[in-house]
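What follows is one structure encoded as structure tokens, with my remarks underneath.
In this chain, numbering begins with 1 at the start of the sequence shown. Keep in mind that the numbers below use all heavy atoms, side chains included, and drop hydrogens, waters and symmetry copies.
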Amino acid sequence: MRNARTFFNILFLVFFTVAIFGGLFFADLAFAQRVPGGADFIVPWKGMQDFMLQGVTPYGEKTTLNIQNIIYKRTPLAGQYPYQVNIPLFLLVFFLPLSWIRDLVIARAIWMIIIEVGLFGVVLASLRLTRWKPHWLFFILILIFCLFWQPSVSALVSGTSVILQALLFCIALRSLELGTDELAGGLLALSLLNIEATGFVFLTTLIWIFSTQRWRVLGGIGMMLAILFGLSLILLPSWILPFFGSVISNWKSGAMPSTYALFEGWLPGIGRRLAQILAIGALTILFLEWRSVRGQDVRWLFWTICLTAALTPLTGIPYFSNWLVFTLPGMLLVISIMVQRWRLLGFISSVIVMVCAFLGLWAAQINGITSGFILFYPLLLTLFLYWVRWGAVRQPRLWADEIALRG
């Protein structure tokens with residue numbers, strides 16, 4: 001009887017899983033057919049497909065023209081992003097399975113399922129790292145916010161891999177907590193897929209690894225990179241210089257938003273100087289926090305990574321708005337501390353924060369306010385994260401703390 005019940009439970013789980021993913025596939029397929037986008041997926045997908053089927057370098061002019069014809073239906077105009085492949089070949093190989101699919105719509109729908117599952121995983125892993133288990137009703141509210149706030153929707157539409165990079169970092173941190181250092185190192189190596197969005201966070205983690213002498217993590221990183229890099233050299237020995245040329249070409253296009261372009265647009269005379277001051281301030285904060293995180297536990301590292309992700313747009317590097325999905329763990333950390341510290345008042349405050357972030361970023365998107373993404377939101381999240389650090393280590397003194405404790 002027990003064996004039969006186990007069998008039917010497994011059978012139900014299989015059918016339920018198939019139904020969920022089948023429904024997701026057909027929904028994403030219909031979306032991909034009707035809604036243009038997916039540029040961040042098209043670039044590596046087409047780059048790997050041309051390399052696999054035609055034997056041409058992913059970083060060459062032919063592949064670039066093919067990508068531009070898919071996205072723009074023409075060559076890009078002056079000031080438009082050139083969409084040259086800027087992913088190193090040793091990580092580009094992960095798009096090989098999808099590059100076998102000739103139909104872009106089907107390939108994009110499958111990729112959307114992958115990053116949707118990845119986004120769900122980011123929420124679960126982030127909450128696990130905060131050591132907080134919300135009530136199931138509040139968890140549903142958090143999940144709705146995480147799925148439908150502007151950075152997540154933009155990331156899903158564009159097909160960016162930054163969602164998966166956030167997931168890799170969260171799982172790597174959890175692996176560090178559990179002592180599986182080699183696994184953490186391998187995951188961190190894979191997180192280099194989009195170095196502009198995650199480079200400072202990776203550097204933060206390296207500083208912590210050296211300070212805590214977790215050499216097995218470095219071993220995991222080294223082994224994974226050695227295997228992938230060796231494979232890439234076998235496939236295409238001459239890929240390194242063309243890859244850097246593509247990265248520089250994308251940066252030189254000037255089409256990517258940045259605080260430098262923002263301030264120069266506002267104040268042509270002194271805008272660049274103001275952006276430099278902001279960048280120096282952000283880098284100074286990062287330097288001080290990198291010194292503070294040395295030798296600390298994984299939870300402190302998690303907070304520092306969240307802060308680093310929030311400050312990255314303020315350093316002046318070109319930064320797309322959909323990359324802000326990488327700051328989602330930081331948002332969840334703020335929400336968790338609010339609720340854990342202030343109880344009912346924290347619940348109300350966290351709902352207000354989510355509503356303001358949701359409406360504010362969507363309003364910025366609708367009205368084309370770039371500053372909302374690369375300036376104001378990062379600044380506000382940075383302030384909230386410092387409140388987390390201040391509020392988590394001090395004794396309750398505010399009236400709000402007293403009310404929460406009495407409640």
Close aromatic pair by centroid cut-off 6.0 Å: [X] and [Y]:
X    : Y    : result
W266 : F263 : yes
W323 : F320 : yes
Y319 : F373 : no

The single option from N66, T64, L65 that satisfies side chain to side chain contact (heavy atoms under 4.5 Å, CB included) with K62 is N66

Have a look at F302 and tell me which of L333, L307, D297 forms a side chain to side chain contact (heavy atoms under 4.5 Å, CB included) with it.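 Among L333, L307, D297, the one meeting side chain to side chain contact (heavy atoms under 4.5 Å, CB included) with F302 is L333.
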
Whether the side chain of [X] engages the backbone of [Y] through a donor-acceptor N/O pair (distance < 3.5 Å, no angle test) should be reported.
X    : Y    : result
S249 : G245 : no
Y377 : G360 : no
T327 : L324 : yes
S211 : G295 : yes
N250 : Q84  : yes
R216 : L183 : no
S126 : V123 : no
T259 : A275 : no
T304 : W300 : yes
S152 : C146 : yes

What is the ring orientation for F138 with W132, classed by angle as parallel under 30°, tilted 30 to 60°, or perpendicular over 60°? perpendicular

Ring geometry between F326 and F169 (parallel below 30°, tilted from 30 to 60°, perpendicular above 60°):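 Judged by the thresholds at 30° and 60°, the geometry between F169 and F326 is perpendicular.
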
Sequence-distant partners of R273, salt bridge (Lys or Arg N to Asp or Glu O under 4.0 Å), two or more places apart: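 Checked R273 against salt bridge (Lys or Arg N to Asp or Glu O under 4.0 Å); zero matches.
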
For W387 and M338, what are the C-alpha separation, side-chain angles and deciding distance, and is it a side chain to side chain contact (heavy atoms under 4.5 Å, CB included)? CA-CA 10 Å; W387 170 83; M338 280 185 173; 3.8 Å; yes

Contact summary for [X] and [Y], nearest pair of heavy atoms:
X    : Y    : result
V122 : I163 : CG2-O, 3.6 Å
A155 : I115 : O-CD1, 4.0 Å
A282 : L311 : O-CD1, 4.2 Å
N69  : T75  : OD1-N, 4.4 Å

Would L381 and M331 count as a side chain to side chain contact (heavy atoms under 4.5 Å, CB included) here? Give the steps. CA-CA 7 Å; L381 181 57; M331 280 290 297; 4.0 Å; yes

Can you tell me how far the [atom1] atom of [X] sits from the [atom2] atom of [Y], to the nearest 0.5 Å?
X    : Y    : atom1 : atom2 : value
L190 : L91  : CG    : CG    : 7.0 Å
D181 : I209 : CG    : CD1   : 8.5 Å
M354 : I142 : CE    : CD1   : 5.5 Å
Y386 : I285 : OH    : CD1   : 5.0 Å
F51  : F95  : CZ    : CZ    : 15.5 Å

Is there a side chain to side chain contact (heavy atoms under 4.5 Å, CB included) between V93 and L235? Walk through the geometry before answering. CA-CA 10 Å; V93 295; L235 293 174; 4.0 Å; yes

Please check if atom OH in Y260 has more than 12 non-hydrogen atoms from other residues, nucleotides or ligands closer than 6.0 Å. yes

Is atom CZ of R34 surrounded by more than 12 heavy atoms (other residues, nucleotides or ligands) closer than 6.0 Å? no

Side chain to side chain contact (heavy atoms under 4.5 Å, CB included), that's the test. Do L129 and L332 meet it? Break it down for me. CA-CA 10 Å; L129 287 169; L332 294 176; over 6 Å; no

Exercise: do S191 and T198 side chains pair donor with acceptor under 3.5 Å: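 No pair is found: no donor N or O on one side chain lies under 3.5 Å from an acceptor on the other.
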
Just checking, any donor-acceptor pair under 3.5 angstrom between side chains of W239 and S232?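 Judged by distance alone, the side chains do pair up.
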
All N/O donor-acceptor pairs, side-chain side in residues 38-48, below 3.5 Å, sequence neighbours left out:
unit_1, atom_1, unit_2, atom_2, d
D40, OD2, S158, OG, 3.3
D40, OD2, N322, ND2, 3.3
W45, NE1, L98, O, 3.1
W45, NE1, I101, O, 3.4
K46, NZ, Q49, OE1, 3.4
K46, NZ, D50, OD1, 3.4

Between R128 and E177, does a salt bridge (charged side-chain N to carboxylate O under 4.0 Å, His left out) hold up when you go through it step by step? CA-CA 11 Å; R128 183 65 179 174; E177 285 187 329; over 6 Å; no

